[in-house]
Amino acid sequence: MTALALAGLGKSYDGVETIRGIDLEVAAGEFVVLVGSSGCGKSTVLRMIAGLEDVSAGTIRIGDRDVTYAPAAARGVAMVFQSYALYPHMTVRENLSFGLRNMRMPRAQITAQVAHAADILELGELLDRLPNQLSGGQRQRVAIGRAIVRDPTIFLFDEPLSNLDTDLRVRMRHELARLHKRLGSTMIYVTHDQVEAMTLADRLVVLDRGRISQVGTPLDIYERPDNVFTAGFIGSPRINLLDALVIERRGDEALLEIAGGIRFAMPCGGVRAGDRVTIGLRPEHLGTDPDAGIAFPLTVEAVEALGHSTFIYAHLDQAGEFRAKLDGHHAVPVPGMLTLYADPGRILLFDAAGQAIPPTTR
């Protein structure tokens with residue numbers, strides 16, 4: 001069953017189009033994450049779904065209802081914002097029940113729904129405290145609780161963890177994942193944080209300048225990006241993107257040359273001798289084994305030794321900056337020379353327009 005359907009969704013401000021033709025269907029019970037760089041339009045899309053922004057083009061359907069022009073209160077959604085937006089003079093109990101009281105819900109039902117939310121979020125011992133007596137994580141749980149008590153059709157989250165410190169963000173991320181599993185509700189979540197996106201999502205929606213760049217599972221998008229933008233945005237450290245020239249075809253393979261004279265053959269279709277392409281090589285797909293394939297002679301400029309892994313920031317002659325991530329600790333000279341190796345089968349290939357070129361084999 002489809003919980004949400006966006007068709008040709010668009011938004012313009014003073015004649016300037018910021019959201020362009022968004023088409024998306026979200027299944028009931030799915031956790032979908034909208035991700036993209038700052039200003040790409042992800043929060044605007046969320047606010048249009050919530051009814052907090054007018055729609056300039058297209059339609060929004062929640063279940064079998066067209067809610068494109070319906071008021072926010074009639075949409076059956078609940079939104080959790082980046083700021084906690086708690087009433088400072090009200091206790092946790094009063095904050096949780098405030099919206100229900102405004103809806104004239106019977107007192108017994110309000111009590112039951114507040115108790116249910118408090119149980120799910122482990123807020124029972126905090127119900128009589130004021131917001132200034134709570135930690136950041138506790139305040140965020142109260143904000144989520146205000147959404148739960150409304151029993152919405154869809155939960156909307158607009159970067160709810162961005163104000164928390166790193167350790168608390170990790171814990172709250174796990175709590176959100178458990179909450180989704182326990183409630184089985186449809187959730188749409190906006191973030192610019194790749195870790196949040198990759199770990200929480202059933203499906204990712206990558207946005208680029210108001211358009212959908214790619215939709216898919218986190219693993220599909222990581223391993224098979226549709227274009228250079230998605231390849232460059234998903235993954236940390238950032239993927240290495242290098243200009244290359246197709247020297248010749250060899251059956252199902254093509255012989256490529258990177259600036260600096262590095263040549264290698266890889267399986268690919270749809271290219272001809274003389275084509276300019278872009279290769280993508282993720283930093284974690286490099287290693288120290290010479291049998292792996294392509295050799296990359298690097299000039300090391302900086303190293304981050306984290307114990308469990310080593311990040312290398314280097315320069316590849318005539319090709320520009322280059323990044324590598326090695327498992328474990330490695331003694332790397334800084335500055336110095338280092339040769340790393342990569343399997344051609346792990347390389348991604350994009351045409352001159354930045355679109356993925358599929359391999360003929362893998």
Side-chain angles (χ1 to χ4, degrees), residues 2-26 30-62 65-83 85 147 152-163 186-198 200-201 203-216 218 221 225-235 238 241 350 353-356:
T2 301
L4 173 72
L6 310 179
L9 193 66
K11 178 66 179 178
S12 298
Y13 295 96
D14 298 325
V16 178
E17 195 177 26
T18 57
I19 303 297
R20 305 171 178 87
I22 300 293
D23 295 313
L24 178 68
E25 289 193 0
V26 178
E30 193 173 18
F31 199 130
V32 169
V33 176
L34 307 183
V35 65
S37 53
S38 179
C40 72
K42 53 191 183 294
S43 289
T44 302
V45 171
L46 199 73
R47 290 175 64 83
M48 284 195 286
I49 296 169
L52 302 178
E53 290 277 358
D54 293 334
V55 173
S56 302
T59 60
I60 301 171
R61 297 188 68 85
I62 294 177
R65 296 185 302 130
D66 186 333
V67 299
T68 308
Y69 303 106
R75 298 193 179 201
V77 302
M79 191 159 174
V80 179
F81 296 91
Q82 181 175 351
S83 61
T153 303
I154 301 174
F155 287 86
L156 306 175
F157 295 91
D158 190 5
E159 304 207 42
L161 309 185
S162 59
N163 289 332
T186 306
M187 295 185 175
I188 303 174
Y189 189 101
V190 159
T191 184
H192 64 275
D193 187 300
Q194 288 188 40
V195 176
E196 284 180 22
M198 296 289 286
L200 286 172
R203 278 193 305 154
L204 287 180
V205 180
V206 182
L207 293 176
D208 176 26
R209 292 170 292 184
R211 295 185 185 274
I212 291 180
S213 177
Q214 189 171 349
V215 180
I221 286 181
D226 284 347
N227 49 65
V228 165
F229 175 82
T230 299
F233 187 80
I234 297 296
R238 183 180 172 88
L241 294 170
F350 304 92
Q355 300 302 304

Q: Give the C-alpha distance, both sets of side-chain angles, the deciding distance and a yes or no for side chain to side chain contact (heavy atoms under 4.5 Å, CB included) between Leu6 and Val45.
A: CA-CA 10 Å; Leu6 310 179; Val45 171; 4.1 Å; yes
(Q) As a quick check of understanding, evaluate side chain to side chain contact (heavy atoms under 4.5 Å, CB included) for Met198 and Val35, giving each step before the final call. (A) CA-CA 10 Å; Met198 296 289 286; Val35 65; over 6 Å; no
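Judged purely by distance below 3.5 Å, without hydrogens or angles, the side chains of Asp66 and Thr59 never pair a donor atom with an acceptor atom.
Formation of a donor-acceptor pair under 3.5 Å by the Ser56 side chain with backbone atoms of Ser12 is found in this model. Side-chain atoms of Thr191 do not come within 3.5 Å of backbone N or O of Glu159 as any donor-acceptor pair. Side chain of Arg203 to backbone of Val32: no donor-acceptor contact under 3.5 angstrom is found. Counting only distance, with no hydrogens or angles, the side chain of Asp23 and the backbone of Gly8 share a donor-acceptor pair below 3.5 Å. Gln82 contributes no side-chain N or O that, together with a main-chain N or O of Asn163, makes up a donor-acceptor pair within less than 3.5 Å. With hydrogens and angles disregarded, no donor-acceptor distance shorter than 3.5 Å links the side chain of Lys42 to the backbone of Tyr189. Judged purely by atom type and a 3.5 angstrom limit, Asp208 has no side-chain atom pairing as donor or acceptor with the backbone of Arg211. Judged by distance alone, with hydrogens and angles left aside, the side-chain atoms of Arg75 form a donor-acceptor pair with the main-chain N or O of Ile49 at under 3.5 Å.
The two residues Ala3 and Ile154 make their nearest non-hydrogen contact at O-CD1, 3.8 Å. The minimum heavy-atom distance linking Arg238 with Gly232 is given by the pair NH1-O, 3.0 Å. Heavy-atom minimum distance, Ser43 versus Val190: OG-CG1, 3.7 Å. In plain terms, the two heavy atoms of Pro218 and Leu204 that are nearest each other are CA-CD1, 3.9 Å. When all heavy atoms of Ile221 and Gly216 are compared, the pair lying nearest together is CD1-N, 3.6 Å. Across all non-hydrogen atoms, the minimal contact from Phe233 to Ser37 is CE1-N, 3.5 Å.
Annotation: the span from Phe155 atom CZ to Met79 atom CE amounts to 13.5 Å, rounded to 0.5 Å. Atoms CZ and CD1, on Arg65 and Ile60 in that order, are 11.5 Å from each other to the nearest 0.5 Å. Taken from CG in Asp158 to CD1 in Ile188, the straight-line distance is 12.0 Å, to the nearest 0.5 Å. His192 contributes atom NE2, which lies 11.0 Å from atom SG of Cys40 (distance to the nearest 0.5 angstrom). Atom OG1 of Thr44 and atom CG of Leu52 lie 11.0 Å apart (nearest 0.5 Å). Atoms OG1 and OH, on Thr18 and Tyr13 in that order, are 5.5 Å from each other to the nearest 0.5 Å.
Annotation: salt bridge (Lys or Arg N to Asp or Glu O under 4.0 Å) contacts of Asp193 (sequence neighbours excluded): Arg169. Partners of Thr153 under the side chain to side chain donor-acceptor pair (under 3.5 Å) rule, at least two apart in sequence or in another chain, do not exist in this structure. With sequence neighbours left out, the salt bridge (Lys or Arg N to Asp or Glu O under 4.0 Å) criterion links Arg47 to Glu53.
Here the rule is side-chain contact (heavy atoms from CB on, under 4.5 Å) with Lys11, and of Met48, Glu17, Arg20 only Met48 fits it.
A 4.5 Å side-chain heavy-atom check between Leu4 and Thr186 finds every atom pair outside the cut-off. Contact check for Val33 versus Glu196: no side-chain heavy atoms found under the 4.5 Å cut-off. Here the side chains of Leu207 and Ile22 are in contact, with some heavy-atom distance below 4.5 Å. Looking at heavy atoms from C-beta onward, Pro225 lies in side-chain contact with Phe350 at the 4.5 angstrom threshold.
In Arg209, the CZ atom is not crowded: 12 or fewer heavy atoms of neighbouring residues, nucleotides or ligands sit closer than 6.0 Å.
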